[in-house]
Amino acid sequence: MSADEFIVTPWHVEGDIDYDKLIEKFGTEKISPELREKIKNLTNEDHFMLRRGIFFSHREMNRILEDYEKGIEFFLYTGRGPSGHTHIGHLVPWMFAKWLQEKFDVNLYFQLTDDEKFYSKTDLTLEETSKYAYENALDFIALGFNPEKTKIIINTKNIQTLYPIAAQVAKKINFSNTKATFGFTNETNIGMIFYTSLQSAPCFIEDKPVLIPLGVDQDPHFRLTRDIAQKIGKQKPALIHNIMVPALTGPGGKMSASEEKGTIYTTDTPDIVKKKINKYAFSGGQPDIEQHRKLGGNPDIDVSYQYLRIFFEPDDAKLKKIYEDYKSGKLLSGELKAILIEKINEFLKTHQEKREKAKQQIEQFLLKNK
RNA sequence: GGGUUCGUAGCCUAGCCUGGUAGGGCGAUGGUCUCCAAAACCAUCGAUCGUCGGUUCAAAUCCGAUCGGGCCCA
């Protein structure tokens, strides 16, 4: 794969992603300074993920906000395909969703697509994906969502609620649509072919506009949903997209739940975190210390720096100092890694405590079928 | 239900026709080098060849059955 090639689909992300090109390719809109300003005015906060372009693209986010200003409330929807343990990349859209929920005081639905992972991963059983769904739910709850306004949907458990909506959707999507959108072939099992309608279903679970914060790789599902929304008498879902969190080992792909060493899990111990970062994190440093002092490092390709930017260092002034020190050669790669290790472990310490508590809270979060 | 095709280390795959206990690539691991990581170089681990049975001195290789995946037709 050459430098300017990249692949972004719901099931596969590869290459060095050019996000401007992706916006063009997917037909989404870049988050404009005006939109950012508007969000800032409504929330009284300029969230660092917006400021730094971690959330970089959207579809009709402006409409959601205009409606909101007119007193029309929206709700939030996001989710996760439970194919393994939760890693820190997953937390990006969840954290942002949590912030949106807080600021706008709205309902949120979190969908765990255990059926989809069973369909798409040949070696996973339904028991395993359901087990991961539970595990992932704990991480989600640990972020501190409002239990009064937050419901977790597990596809195989909540099918009774989802199915009537999914049926409405499914009738309007034909085989050619899914083939074109997802690249399905004759080998694709029919679970996959139907599946997108289940991912659409929560968009219409309330009779209100919906805003979906999500990784940009999931956009194709909602492209279909948006296409058919009016046909079933519903509003198009609005989306706001985050970039892919790079794997520890390098910029050529997203962090994957199945690749041990390129991934920091929410359950990793401080020692494991330290070891993984030191041993695997791709750096933008120079070949040796002398050259590094002289030429400086490249924070833009340095994964440790990127993690700080994306998630672990919300303080702009601190981040800027790290950026400049690294770029000037004052800060060594090993030192940068030490900063990140400290930050991650600090975060995980509290996260893991909250995750334990979540085991007692999970019941009140699970959506009950009516 | 019929036909067809595939099943070799974590992944991809050679070998099967012309039987003599398996070769490569990627990956992984360790080392050298680096402030780390990457790259590069060196080294190492790893498969009883889906399963069961038969033929044979000898089977991944031939035969039968069976399980699993794919495609086509009905």
Side-chain angles (χ1 to χ4, degrees), chain A residues 1-3 5-7 9 11-17 83-85 87-89 117-129 175 178-179 182-193 244-265 268 270-313 321-345:
Chain A
M1 186 175 291
S2 71
E5 276 180 295
F6 57 87
I7 301 168
T9 74
W11 298 283
H12 184 68
V13 176
E14 191 185 334
D16 201 356
I17 303 163
S83 58
H85 294 296
H87 59 66
I88 56 176
K117 288 302 165 198
F118 170 61
Y119 292 143
S120 64
K121 304 275 181 186
T122 44
D123 52 346
L124 279 180
T125 65
L126 204 48
E127 287 71 29
E128 286 168 325
T129 58
F175 189 30
T178 63
K179 275 203 280 194
F182 302 116
F184 290 163
T185 64
N186 282 345
E187 308 171 28
T188 308
N189 68 63
I190 63 170
M192 293 288 283
I193 295 164
M244 298 292 99
V245 176
L248 265 190
T249 47
K254 75 165 174 176
M255 196 182 259
S256 153
S258 47
E259 233 183 290
E260 272 294 330
K261 64 178 200 133
T263 308
I264 305 285
Y265 295 103
D268 282 347
D271 280 355
I272 291 176
V273 170
K274 187 175 178 190
K275 192 184 161 195
K276 281 183 179 173
I277 300 291
N278 280 330
K279 201 168 161 58
Y280 299 120
F282 182 82
S283 96
Q286 298 297 341
D288 62 54
I289 200 158
E290 274 173 41
Q291 289 191 63
H292 191 85
R293 294 290 188 209
K294 195 171 144 201
L295 302 169
N298 181 356
D300 296 319
I301 61 164
D302 188 285
V303 172
S304 302
Y305 175 79
Q306 290 308 317
Y307 281 19
L308 290 170
R309 182 177 81 94
I310 293 170
F311 198 86
F312 289 103
E313 184 48 89
K321 181 160 173 28
I322 292 168
Y323 184 92
E324 282 167 359
D325 286 351
Y326 194 58
K327 192 138 189 151
S328 74
K330 190 176 164 194
L331 188 68
L332 298 176
S333 301
E335 293 165 345
L336 173 58
K337 287 186 175 187
I339 295 173
L340 178 67
I341 290 164
E342 167 89 33
K343 283 279 177 188
I344 293 181
N345 282 335

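Just so it is clear, the model here is predicted, and its values are computed rather than measured. Convention: sequence-line order gives letters A, B, ...; per-chain numbering from 1.
- As a whole-Å value, the separation of A/I190 CD1 from B/G69 C1' is 16 Å.
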Could I get a table of every N or O pair under 3.5 Å where one atom is in the protein and the other is in nucleotides 29-32 of chain B?
unit_1: B/U29; atom_1: OP1; unit_2: A/Y280; atom_2: OH; d: 3.0
unit_1: B/G30; atom_1: OP2; unit_2: A/K279; atom_2: NZ; d: 3.4

Any chance you could lay out the side-chain contact (heavy atoms from CB on, under 4.5 Å) test for A/Y307 and A/L248, step after step, and finish with the verdict? CA-CA 9 Å; A/Y307 281 19; A/L248 265 190; 3.7 Å; yes

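- Using atom C1' as the reference point in both B/A59 and B/U48, the two lie 12 Å apart (nearest Å).
- For B/G25 and B/A9, the C1' atoms lie 13 Å apart once the distance is rounded to whole Å.
- Partner A/K276 forms a side chain to side chain donor-acceptor pair (under 3.5 Å) with one of A/T263, A/D268, A/D271 and no other, that one being A/D268.
- For the pair A/N189 CG and B/G68 P, the computed distance is 16 Å after rounding to whole Å.
- Within the shown strands, B/G54 is the pairing partner of B/C62 under the Watson-Crick or G-U definition, both distances less than 3.5 Å.
- Whole-Å rounding puts the A/I341 CD1 to B/C36 C1' distance at 10 Å.
- Of the C1' atoms belonging to B/U4 and B/C12, the separation is 24 Å, rounded to the nearest Å.
- Going from the P atom of B/A65 to that of B/U21 covers 29 Å, rounded to whole Å.
- Rounded to whole Å, the C1' atom of B/C49 lies 13 Å from the corresponding atom of B/U13.
- Side-chain atoms of A/N345 never come within 3.5 Å of backbone atoms of A/V273 as a donor-acceptor pair (strictly under, hydrogens ignored).
- Residues from residues 286-293 of chain A with heavy atoms under 4.0 angstrom of RNA chain B, sorted by number: A/Q286, A/P287, A/D288, A/I289, A/H292.
- Between A/H85 and A/Y265, the ring planes are perpendicular. Angles over 60° get that label, and only those under 30° would be called parallel.
- A distance of about 25 Å separates the P atoms of B/G15 and B/G70, rounded to the whole Å.
- The side chain of A/S333 sits closest to B/C35 out of B/A37, B/G70, B/C35.
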